[in-house]
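Proteins get letters first, then strands, A, B, ... in listed order; numbering begins at 1 in each.
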Amino acid sequence: VENVRLLDRLSSRRAVVGTLYLTATHVIFVENGSETRKETWVLHSQISSIEKQATTATGCPLLIRCKNFQVIQLVIPQERDCHDVYISLIRLARPVKYEELYCFSFNPKLDKEEREQGWKLVDLNEEYNRMGVPNNYWQISDVNRDYGVCDSYPTEVYVPKSATAHIIVGSSKFRSRRRFPALSYYCKGNNASICRSSQPLSGFSARCLEDEQMLQAIRKANPGSDFIYVVDTRPKLNAMANRAAGKGYENEDNYSNIKFQFIGIENIHVMRNSLQKMLEVCELKSPSMSDFLWGLENSGWLKHIKAIMDAGIFIAKAVAEEGVSVLVHCSDGWDRTAQVCSVASLLLDPYYRTMKGFMVLIEKDWVSFGHKFNHRYGNLDGDPKEISPVIDQFIECVWQLMEQFPCAFEFNERFLIHIQHHIYSCQFGNFLCNSQKERRELKIKERTYSLWAHLWKNRADYLNPLYRSDHSQTQGTLHPQIAPCNFLYKFWSGMYNRFEKGLHPRQSVTDYLMAVKEETQQLEEELEVLQERLANLQKSQSGDNKVKSKQQDRSKQTGLYTSNNSLANTPQEYSNDLKSFPSRSPSQGDEEDSALILTQDNLKSSDPDLSANSDQESGVEDLSCRSPSGGGCLPSEDSGKDSDEAVFLAG
Amino acid sequence: MEFAELIKTPRADNVVLHRPFHAAVEGTLCLTGHHLILSSRRQDNAEELWLLHSNIDSIEKRFVGSLGTIIIKCKDLRIIQLDIPGMEECLNIASSIEALSTLDSVTLMYPFFYRPMFEVLEDGWSSFLLEQEFELLSSVTNEWRLSCVNKEFSVCPSYPALVIVPKCIDDEALRKVALFRHGGRFPVLSYYHKKNGMAMMRSSQPLTGTNGRRCKEDEKLINATLRSGRRGFVIDTRPLNVAQQARAKGGGFEQEVHYPQWRRIHKYIERFNILQESFIKLVEACNDQSHNMDRWLSKLEASNWLTHIKELLTAACLAAQCIDREGASVLVHGSEGTDSTLQVTSLAQIILDPRCRTIRGFEALVVREWLQAGHPFQQRCAQSAYSNSKQKWEAPVFLLFLECVWQIHRQFPCSFEFNEQFLILLFEHAYASQFGTFLGNNENERAKLKLPQKTMSLWSWVNRPEELSRFQNPLYEANSLVIWPSVAPQSLQLWEGVFLRWNRPSKFLEEAEEERINIIKYNKELQAKVNALRRQLAELETDEE
């Protein structure tokens, strides 16, 4: 479709005209005219909603909201075209079969062996060995070999040595969806562990001997402690309501030596609505400070983030400081339980704060234990009530921790944002389906590529320059501030207003420091070469002709280094309120009226926004100079100029 | 008056000091004329507390049996608690602190007693003279002149002795204009934009009154800054209705008929008690220790502080935009021209002028646009957020300006030569200091108090290389461009460095700053080494040839 206008959300005057293309996998908008022919690519799987708005004089507006928080506003001249695009997108954005998803057609031009290598990058067996199991207390169980006991669990689960197959099967029958207690994290230092399960089918009075034995076994696997915590991550009221449906929570009287604890994290429906409310605030056109803060508070989003963090902090403290094992569950044990277990692991073990460790953590607590990626993130058309930003919240918890502990993580914010992007993109097979069983049946590993290999290949883009493996923040458990600390939880504009570059700091400290570190490394190498050559020269005092080449290299580097601070920067619409200004009392004289109208005219006629392009301050391209690899392009924006999918993300 | 009269109990033993995030310290408390000192008598003196009485904003006392507790709330927003055994000692100490922290004579303040322990390399009192500023200006334009019409402070008591005005306007005309402007604050040059020759002027409101009085000289003065056929903008920091109401009290605004080449824009910037209340509410919210504080964001919102930040930044950006993008001259004023006017003109310069983003340039800006321009520091900064006295002239005007600079700094972290600590330092010293820089309300008062002769300048101290190094931003790379900050709510944050400084754990953030410094330092060292080796090699090679 030609002559489509792409509107800038912040400034209605910054619309660009171009051509809209629909392909099997992407919506592509190509700007007319300008030499660069800027392109905007959006994957169909990223589309969360399409809204056709009332036709206006200029055309038919189409609003596309994406799951990575991009909002695209198009105006299509012909109503009929708009309708066609709308109908096509509705269909394309809601595939019904896995095979329709992008990962099955995505080909990064890797051979079979490279693909296999990619899938081997994260190996959970290795991970459990790293934790220190199997050992005297824990063993691998094959009870779920053919997904016979629990179809949403992995085939290989770690259970206490004293838990026989009989106990496990018995316990599983007493748990929602048969998700019996299994090991999530084992603390080598003191034998304390984090186990996870779903809620018990206790109703008002039901008991299960095997389940009680199972919890007993978990306690015995930690000889240092005479009790375990059972943490129910739901609000108490929700858990009690479940009892009426024959589910519920553990009765302390029936289980020997447990301490039961509720931690009120709300359910997926509350979280979905909360995100929705927050995004409405983000989408406000020129909101006042009060609109924004009030809306943010009202959405409850940060309160929910804090609740998840508090649960993680509680568990980490129990394990690290008290040396007590913890069993965590919610209802089905695949949403809140995954959030809380992974936050606790992240606090406890510095390994999970490395790039590789973080991949392992997501693979362990989310992918392998049957977090329902397909349902939660709406990859296939399904029940909208199943959709909820569960892993988004976990990712935000990590970001909040990064803000409080700037040196503790090997990776940077971009890493988190790209992982979030790909959870929805379906470009890689990692997050397909709802369980390991389904993924095996689909032969995901043979037919798609792994995100982890892709991120690992580009790891230079994702490094935190402040990370040092010998820094005190990278040792041992992290202790975030608990009580009065709400002010420590901040709105993450880098994620939720990710595509509105104008809102973010215009200079990135991370990229600047990475460039400095890169240069430092080159200097170190050069220093070595120079020292060697100096030694040789002094020793032999003989001529050497090959001197100059390296030196030129270096001066080129310096040139880049010093001239790269030009900023992409244009003024915003500071005069916005000026335009809506004429809200004066009618008693004013004509004189004032004319003055105001003239003011508006004047500002309009020489619109600084429009003239910005001819100005030296608007060197948009220059912004990326500092970035180590040419800008670290975020996916699906301004990139993919030569439509080569392989380099789409590599930036 | 002798300070000794006020100190009934100069010393108390076994006093316990409590501060958030610090272990309690037991020691001896001493009161001197200007300080409260707590010494733990440990060898390393690591836990000593030296607190200027003038830093104390309010004190509260409590008793449990004979154990007294004094809670001291400081102007830098810190709260400390002292447990003092003995009811009488405690009462004596409390009343002494109260008296010593509210001395009403400026000449009894610490700067008049402070004797520096460092060698003065450069006298800060003469570091930033308007003559130097004018010299710089003269090298690019000859349209301006330095006028000493106010050398006796008789034309405008709150202006400095020297001002820069359009060349074609003589002193006689300036005297007439002064009579037409509130407090005699006639339009003077605030900033000259070299790139396009546009000027930013500042003044107070014109005294048009209800009958629309005019002043030809005033019109001529501001028109002198316009290029032929071009328009200028008057940015009035009051909303239109307030400006209109001002006419009843003899004030007013530039009327269209008399200033046809000027377009007036009204921007609302809050002042005085509204700001002070906002400040008090914000600090209350930040100090709320109740465990169930999930209404944090609504408390933050209710304080309105960030709204004021947003409004002020927007006005400053608009002024900068008029100058740089519209190519127009600008006149900024509110009512008196000593508060919101200065906020706007100084922030616009941060945006437009790279020089103001250097340490020295920023100091010069503070001197020029705040101290010399007659911002009444002594009135505005007499009390901070904990004071109970609600005097109408107290307001965190300067703090709001500093925070806006911080907001821009956060968005352009590599474009400023100074760091956040430098801004915090200025905040602290504006409220309580051993230096005389921020005493008095204008140059006139400073001259009468003989501050340059009798007190030390903050700049004399801060510009010493060993001090300066603490305030340098390791990421700084000179950026000659105009920097346009975002004023969207998503882009503005609470200034934690000031408001949460004493109640957040800062260890991890400090460690991060240290890492940043080390990364840059190591890089520079390597560069130096490589360059030295290269030179050495080159010499050896030429020797051989």
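The pair B:D236-B:K267 fails the salt-bridge criterion, with no side-chain N (NZ, NE, NH1 or NH2) lying under 4.0 Å from an Asp/Glu carboxylate O. B:E515 and A:R468 are joined by a salt bridge, as a carboxylate oxygen and a charged side-chain nitrogen come within less than 4.0 angstrom of each other.
With a 4.5 Å cut-off on non-hydrogen atoms, B:N241 does not touch chain A at all. Heavy atoms closer than 4.5 Å to chain A are found in the side chain of B:E496, but not in its backbone. For B:K310, the part sitting under 4.5 Å from any heavy atom of chain A is the side chain, from C-beta outward, and nothing else. Both the backbone and the side chain of A:E524 come within contact range of chain B, judged by heavy atoms closer than 4.5 Å. Residue contact with chain B, scored on non-hydrogen atoms closer than 4.5 Å, involves the backbone of A:S288 exclusively. A:S493 touches chain B through its side chain: at least one heavy atom from C-beta onward sits under 4.5 Å away, while N, CA, C and O do not. Using a 4.5 Å cut-off between heavy atoms, A:E403 touches chain B through its backbone atoms (N, CA, C, O) alone. At a 4.5 Å heavy-atom cutoff, the contact between B:F21 and chain A is made by side-chain atoms alone.
Residues B:N503 and B:N287 have side chains that bring a donor and an acceptor to within less than 3.5 angstrom of each other. A side-chain N or O of B:R534 and one of B:N531 form a donor-acceptor pair less than 3.5 Å apart. A donor atom on one side chain and an acceptor atom on the other are not found under 3.5 Å apart for A:Q507 and B:Q411. Looking only at atom types and distance, the side chain of B:E511 has a donor-acceptor partner in the side chain of A:Q473 under 3.5 Å away. A donor and an acceptor atom, one from each side chain of A:E519 and B:N523, are located under 3.5 Å apart.
Comparing B:L500, B:L300, B:L509 by how many heavy-atom pairs each has under 4.5 Å with chain A, the most go to B:L500. Between chain A and the options B:K529, B:E525, B:R516, B:E514, the largest number of non-hydrogen pairs under 4.5 Å is found for B:R516.
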